[in-house]
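Working notes for the structure below.
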Amino acid sequence: MSSKEYIDQQNKLADQICGSQTEKALEISLATEILAKKIYYKTGEAFSLKITAFCQHLTGDNSSALVNAKRSFEIYQELNIALEMYEVAKLLGRIYWQVGDYPKALQCTINTVDYALQLDDSDREAKARNNLSILYADQGLSDKSLEEIQKAISLYRNNGNVFEENRSIHNLATIHFDFGDLEKASENALIALEFFNKPNSEIEESELETEKANVLSELGRIYAKKQQEEQALTYLNLALASSVKTKSLNIQQAILADIGRVYLKQKELQKAKGYLDQSVELSNLIGSKKGLSECYNALSEIYEQMGDYQSALHYQKFFFKEYESVFGEEQDEKLQQLEVKFRVDSVQREAELLTDKNEALQDLANELDNEVNRKTAELRIALKNEKSLKRSLAIALNKEKEVNRLKSNIINTISHEFRTPLNAIIGYSELLSDDLAESEDDTSFYIEDVNKIQKAGRHLLGLINDALDLSKLEDDNVELEITTFDISATVGHAIESINQEMMSSHNQLSVKNSLPSSEVTSDEAKVKQIITNLLSNAAKFTQNGFVEINIAERDDEFVLIQIKDTGIGIPTENLEHIFEPFFQVESSLSRNYEGNGNGLAIGTNFARLIGGQILVQSDLGTGSTFSFMLPKIIIKDH
Ligand code: ADP
């Protein structure tokens, strides 16, 4: 066997098995081509290149297929072999169509019709017209497309080529579908499907299966378009099963995309995405730009419906890239729309986010505002209160000062202005009383009245003197005369001064003195007045009882002078008031006891002035005990 014979034989073998054992055929054709090239066997080389291109086209390697088909065509053109030029031009048309170069695909296919006519081969002419009609349909030229397919069908029919006739009927269905005549489309597709129910022993199994898959998927597409999605899915799934049997990735890719699109229509977005993703994978594998662009377009729509405008834009851009030259303007518009949608969506989302944040901030700001307002109001009130309090205090203090000043003025004036006439009243009433007593007439009636005048005068004088003393105390205007004296003697003098009272109220007075030393340094007059007042009260509020004076050393600092009586006692609720000026437990006009209620007030203030204190303990009806704590040495630190 010569080399050329061997090459022819190998090429023939590859040609026979390229449909069913594509990879094996490719292996053979590649090896054969090298061999043919080596021996400058052009026909052999061109044929090998043609088989290689076809196998590569079948396996999806369209770019390599294109290179090899072109090389093959050039050689056949050089050799002017019309039959092969027809075959390779037909293949080139298919490849160009698959890669999306429609003008070149159309040109190649038109050429095939010419070559067939040159060859006077009606079967090839039919095939060429069939392919041409598909390309016309693709370009939207319905009349030309239908004209060519009808010619193809009648040519096949005339030749008795039932399989190819059926394929053309299927193509007719596709063309009707492309131009929107769904009834005619389904009618023809169902006729085409019918063909597979009859036995076709003369046709190769894989070719039959491939065509069956194509018809089924066509029906799927038609029913999908007819909005009969369930029917569509049934046909498409049958088509997918057939295509899997044929191992044709081209068909599988298209069917997967179709199923994806039906689910998209049904708004089953996840399912749709699943099928389309698979289709994209296969499109990439077989280098089908058409497949990719269709899938990208559908995926973009899915994402758009999902509201993921960014991914939608992303896929639309992919789609645009694949079909830029064909649908430029339309895509531009779609892209712009999506771009706008995506931007609007992003802006909206951002705006929503900002609004949320803003609202939260606003809430916080409002809260703070309220808090600040509340606190400000509180502060304002507090300030106002404080201010008004201060103002009130200042006013009160001023008033008090003013009142005190006025009071002192009044008291001073009164005491001076009153004391002189009062002294005159008392003095003259004394004289009158003496004169009346000395009179030989019975003047007892007058003496009693004159004595009343004298008594009232003295009471009034006492009140005036008290008021003067209290006023001086309030003004801190009391001068102390400090000497060292014998306290026991002072108590003795005091007792003397109230002895008369003590006797007239029939009280028994006793004195206990346990002082180790009677020496005291203080204001003797004040000390004497304190003790006299206490003794006078004891005498006044005790009748037929006992008054006990107890002088003792309380500690190193103090002498304790206790005056204990068995008198009427003081109600507990009045104990805290008896040291107030002008306070008397019995304050009615018809009271039984003399006095003007200032003895204790003045006494306790005098005690305070010399660093001492007067304490009281009393039981109503039983008696009272007044304790005067006298510092041995005056304490003047207050
Ligand atoms: P007065 O001039 O009324 O005695 P004081 O200031 O000395 O004024 O006493 C105030 C009041 O305290 C008296 O009016 C009296 O009601 C009560 N009081 C003072 N000492 C005694 C006492 N020893 N027993 C009962 N009541 C007393």
Side-chain angles (χ1 to χ4, degrees), residues 411 415 422 455-474 478 491 494-495 497-512 525-551 560-610 612-630:
I411 289 166
S415 57
L422 254 181
K455 197 180 166 192
R458 284 191 193 282
H459 180 73
L460 198 57
L461 190 64
L463 270 176
I464 289 166
N465 285 337
D466 284 355
L468 203 64
D469 281 349
L470 284 166
S471 161
K472 278 183 188 166
L473 279 164
E474 254 174 33
V478 179
V491 173
I495 291 169
S497 68
I498 52 92
N499 216 6
Q500 186 58 45
E501 282 180 67
M502 214 42 100
M503 281 179 17
S504 51
S505 52
H506 311 288
N507 292 315
Q508 280 189 33
L509 181 74
S510 62
V511 181
K512 275 188 193 167
K526 306 263 181 308
V527 171
K528 188 187 165 199
Q529 193 175 333
I530 292 166
I531 298 165
T532 309
N533 276 347
L534 293 177
L535 279 171
S536 165
N537 282 346
K540 203 161 43 176
F541 298 106
T542 310
Q543 296 288 324
N544 307 312
F546 297 95
V547 176
E548 189 184 303
I549 305 173
N550 221 325
I551 312 163
L560 180 68
I561 302 155
Q562 246 179 7
I563 294 138
K564 198 174 174 181
D565 65 54
T566 54
I568 58 169
I570 305 160
T572 316
E573 67 268 20
N574 288 328
L575 282 176
E576 58 180 315
H577 299 296
I578 56 171
F579 296 99
E580 290 168 9
F582 302 100
F583 180 87
Q584 293 173 306
V585 172
E586 192 186 68
S587 58
S588 66
L589 282 171
S590 58
R591 62 177 180 267
N592 299 311
Y593 307 98
E594 283 182 20
N596 43 40
N598 291 313
L600 285 175
I602 294 167
T604 200
N605 272 303
F606 280 174
R608 177 176 57 79
L609 277 179
I610 56 172
Q613 201 179 1
I614 300 172
L615 301 169
V616 63
Q617 190 270 317
S618 182
D619 292 313
L620 196 62
T622 307
S624 313
T625 304
F626 284 83
S627 304
F628 170 36
M629 295 207 305
L630 169 69

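Just the heavy atoms: all of them, side chains too, but no hydrogens, waters or symmetry mates, feed the values below. Both counts, for ligands and for their atoms, begin at 1 and track the order of listing.
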Asn574 and ligand 1 - part of the residue with a heavy-atom distance under 4.0 Å: neither
Answer whether the closest heavy-atom distance between the side chains of Leu463 and Asn598 falls below 4.5 Å. yes
Is the number of heavy atoms from other residues, nucleotides or ligands under 6.0 Å of Phe579 CZ greater than 12? yes
Top protein contact for atom 23 (N) of ligand 1, by heavy-atom distance: Asp565 OD2, 2.8 Å
Asn537 side chain near Thr542 side chain, heavy-atom distance below 4.5 Å: no
Is there a nitrogen or oxygen of Leu600 sitting under 3.5 Å from a nitrogen or oxygen of ligand 1? yes
Which atoms of ligand 1 are found less than 4.0 Å from any heavy atom of Asn598? 6 (O), 8 (O)
Candidate pair Leu560 and Ser627, rule side chain to side chain contact (heavy atoms under 4.5 Å, CB included), full reasoning: CA-CA 7 Å; Leu560 180 68; Ser627 304; 3.9 Å; yes
Evaluate the side chain to side chain contact (heavy atoms under 4.5 Å, CB included) criterion for residues Asn550 and Lys564: first the C-alpha distance (whole Å), next the side-chain angles of each, then the deciding distance (0.1 Å), finally the verdict. CA-CA 8 Å; Asn550 221 325; Lys564 198 174 174 181; over 6 Å; no
Going by the order shown, which atoms of ligand 1 are within less than 4.0 Å of some heavy atom of Asn596? 2 (O)
The atoms of ligand 1 lying under 4.0 Å from a heavy atom of Gly599, numbered in the order shown, are 5 (P), 6 (O), 7 (O), 8 (O)
I'd like to check Phe582 versus Leu470 (side-chain heavy atoms, cut-off strictly below 4.5 Å). Are they in contact? yes
Of all the non-hydrogen atoms in the protein, which one sits nearest to atom 24 (N) of ligand 1, and at what distance? Phe541 CB, 3.3 Å
Please classify the Phe626 to ligand 1 contact at 4.0 Å (heavy-atom distances, strictly less than): side chain, backbone, both or neither. side chain
For the pair Phe583 and His577, name the ring-plane relationship: parallel under 30°, tilted 30 to 60°, perpendicular over 60°. tilted
Which residue holds the protein heavy atom closest to atom 8 (O) of ligand 1, what is that atom called, and what is the gap in Å? Gly597 CA, 3.1 Å
With heavy atoms and a 4.0 Å threshold, my read on which part of Ile570 contacts ligand 1 is side chain
Does the residue Gly567 have a heavy-atom contact with ligand 1, meaning some pair of atoms that are separated by less than 4.0 Å? no
Can you sort out which atoms of ligand 1 are near Phe583, meaning under 4.0 Å from one of its heavy atoms? 10 (C), 11 (C)
Residue, atom name and distance, where the atom is the protein heavy atom closest to atom 12 (O) of ligand 1: Ile578 CG2, 3.6 Å
With Ile561 as partner, the option from Leu535, Ile614, Ile551 fulfilling side chain to side chain contact (heavy atoms under 4.5 Å, CB included) is Ile551
Quick one: are Ile578 and Phe626 in side-chain contact, heavy atoms under 4.5 Å? yes
Is any side-chain heavy atom of Asn533 closer than 4.5 Å to one of Leu600? no
Does ligand 1 have an atom under 4.0 Å from some heavy atom of Asn533? no
Could you tell me, atom by atom, which parts of ligand 1 come under 4.0 Å of a heavy atom of Ser624? 24 (N)
Would you indicate whether the side-chain heavy atoms of Leu534 and Phe628 approach each other to under 4.5 Å? yes
Any idea which atoms of ligand 1 are less than 4.0 Å away from a heavy-atom of Lys540? 1 (P), 2 (O), 4 (O)
Residue, atom name and distance, where the atom is the protein heavy atom closest to atom 7 (O) of ligand 1: Asn537 ND2, 2.7 Å
Find all atoms of ligand 1 within a distance of less than 4.0 Å from any non-hydrogen atom belonging to Gln584, and give their numbers and elements. 3 (O), 14 (O)
